[in-house]
Amino acid sequence: YVVDIPPGGKFNAEHHMYEEIFYVLKGRGATSVWVEGGPKHTFEWKEGSVFSIPLNTTHEIYNGQGDTEARLYAATNAPTAFNMYASQDFIFNCPMQFPERFNPTDEQYFSGKANKLEDRYTETNFISDVNQVALDRWTARGPGANMMYLMAGGHFMCHVSEFPGGTYKKAHTQEFTPQRAGLVSSVAYLFLSGEGYDLQWAPGSNPTKGDPFERIDYGKGALVTPGIGYHQHFNPSPEPMRYVVLRFGNPRYQGSANARFRETGGTNMEFG
């Protein structure tokens, strides 16, 4: 969802038994996170920041500007929680704490500190600006680079990709993703720079010459979903194209498909 916080306004404090991750589209402000009996952690954010709310922690989000709204783009697995438990009282009033995800004594939790696990995988709980972060080369998908940010110990994560002007990525699909995770998860690309287009094929199609497809043009600020069929990103512009994705898919929860997905990112059509 996309939401505006009015000038000088804030969200009501809440905690819930579903995960939530935010990208700041516009403005600057702050977020406070705490658990009952623990200290309050407050950190500031600005346009381009990403932060994740640790599961069932109490949190309050503030617009730090008195003259304009702040706009946030967020992803949650709230529908899954409501479908599974069918209890609003449990989801919003459960006192359970998850110390393995959030350590209330860690004063650096939202400082932006990062732990590089391996190529393209980093653990962190706050990204100051995804437009500025360094990425690792990813040959499996073609030209370009990528970084997966595993945040707040959750299933939801942030991934950032960029590929050069005048290039395109291999056609690919994450058609097995819902089966791998045991849950259905939508994916959407928020484009941060460049102008280009996607080709998208119907689910179940194995693209060959002459197969029907849809072309979707986009530029900076566009939000595009690829569905679960094959799709392919093209960047005909002279500048690099960077996008950010907030999505389900932390590899520590992916079971037997973990190694394959980490290497390839899904099923790719090799360059012919």
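- Applying the ring-ring contact (aromatic ring centres under 6.0 Å, His included) rule to His15 yields no partners; only residues at least two apart in sequence or on another chain are considered.
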Trace of the side-chain hydrogen bond (donor to acceptor under 3.5 Å, both in side chains) decision for Tyr18 with His155: CA-CA 10 Å; Tyr18 57 82; His155 287 264; over 6 Å; no
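- A side-chain N or O of Tyr189 and one of His231 form a donor-acceptor pair less than 3.5 Å apart.
- The structure places CE of Met241 at 4.0 Å from CG of Asn235, a figure rounded to the nearest 0.5 Å.
- A 4.5 Å side-chain heavy-atom check between Leu117 and Glu123 finds at least one atom pair inside the cut-off.
- Contact check for Glu60 versus Thr31: no side-chain heavy atoms found under the 4.5 Å cut-off.
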Intermediate values then yes/no, salt bridge (charged side-chain N to carboxylate O under 4.0 Å, His left out), Arg71 and Asp4: CA-CA 4 Å; Arg71 175 165 289 188; Asp4 285 344; 2.7 Å; yes
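- Every side chain to side chain donor-acceptor pair (under 3.5 Å) that Asp198 has, sequence neighbours left out, goes to Tyr218, His233.
- The salt bridge (charged side-chain N to carboxylate O under 4.0 Å, His left out) search around Asp106 returns Lys113, not counting sequence neighbours.
- The hydrophobic cluster containing Ile61 also includes Tyr1, Val3, Ile5, Phe11, Phe22, Val24, Val33, Val35, Phe43, Trp45, Phe51, Ile53, Leu72, Phe102, Tyr109, Phe110, Phe126, under a criterion of side-chain heavy atoms closer than 4.5 Å among ILVMFWY residues, counted directly or through chains of members.
- The two residues Thr173 and Gly229 make their nearest non-hydrogen contact at OG1-O, 3.5 Å.
- Residues Val160 and Tyr243 have side chains not in contact (no heavy-atom distance under 4.5 Å, counting atoms from C-beta outward).
- Counting Ile, Leu, Val, Met, Phe, Trp and Tyr side chains that sit under 4.5 Å apart, directly or through other members, Trp34 stands alone, with no cluster partners.
- A search for side chain to side chain donor-acceptor pair (under 3.5 Å) contacts involving Asp119 returns nothing, not counting sequence neighbours.
- The OH atom of Tyr85 sits 5.5 Å away from the CE atom of Met17 when rounded to the nearest 0.5 Å.
- Residues Leu199 and Tyr230 have side chains not in contact (no heavy-atom distance under 4.5 Å, counting atoms from C-beta outward).
- You'll find the side chain of Ile21 stays beyond 4.5 Å of the side chain of Arg247, heavy atoms only.
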Stepwise side chain to side chain contact (heavy atoms under 4.5 Å, CB included) check, His16 with Gln88: CA-CA 9 Å; His16 42 67; Gln88 181 171 314; over 6 Å; no
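- Residues Val245 and Ala188 come closest through the heavy atom pair CG1-O, 3.4 Å.
- For Asn125, the side chain to side chain donor-acceptor pair (under 3.5 Å) criterion is met by no residue, not counting sequence neighbours.
- Every side chain to side chain donor-acceptor pair (under 3.5 Å) that Thr42 has, sequence neighbours left out, goes to Ser32.
- A 4.5 Å side-chain heavy-atom check between Thr122 and Met147 finds at least one atom pair inside the cut-off.
- Contact of the Thr225 side chain with the Val187 side chain is not registered, since no non-hydrogen atoms from C-beta on lie closer than 4.5 Å.
- Residues Tyr62 and Val50 are members of separate hydrophobic clusters, defined by side-chain heavy-atom contacts under 4.5 angstrom among Ile, Leu, Val, Met, Phe, Trp and Tyr.
- Arg137 meets the salt bridge (charged side-chain N to carboxylate O under 4.0 Å, His left out) test with no other residue; sequence neighbours excluded.
- With respect to the salt-bridge test (charged N to carboxylate O, under 4.0 angstrom), the residues Asp211 and Lys209 do not qualify.
- Here the side chains of Arg101 and Pro99 are not in contact, with every heavy-atom distance at 4.5 Å or above.
- By the salt bridge (charged side-chain N to carboxylate O under 4.0 Å, His left out) test, Lys169 pairs with no residue at all, sequence neighbours left out.
- Residues forming a salt bridge (charged side-chain N to carboxylate O under 4.0 Å, His left out) with Lys40 (at least two apart in sequence, or on another chain): none.
- For Arg28, the side-chain contact (heavy atoms from CB on, under 4.5 Å) partners two or more places apart in sequence, or in a different chain, are Lys46, Gln65.
- Under the 6.0 Å cut-off for aromatic ring centres, His41 and His59 do not qualify, their centroids lying 6.0 Å or more apart.
- Salt-bridge check for Lys26 with Glu69: passed, with a basic side-chain N closer than 4.0 Å to an acidic carboxylate O.
- Counting all heavy atoms, side chain and backbone alike, Ala70 lies closest to Asn63 at N-ND2, 3.2 Å.
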Trace of the side-chain hydrogen bond (donor to acceptor under 3.5 Å, both in side chains) decision for Thr80 with Asn83: CA-CA 5 Å; Thr80 299; Asn83 289 340; 5.8 Å; no
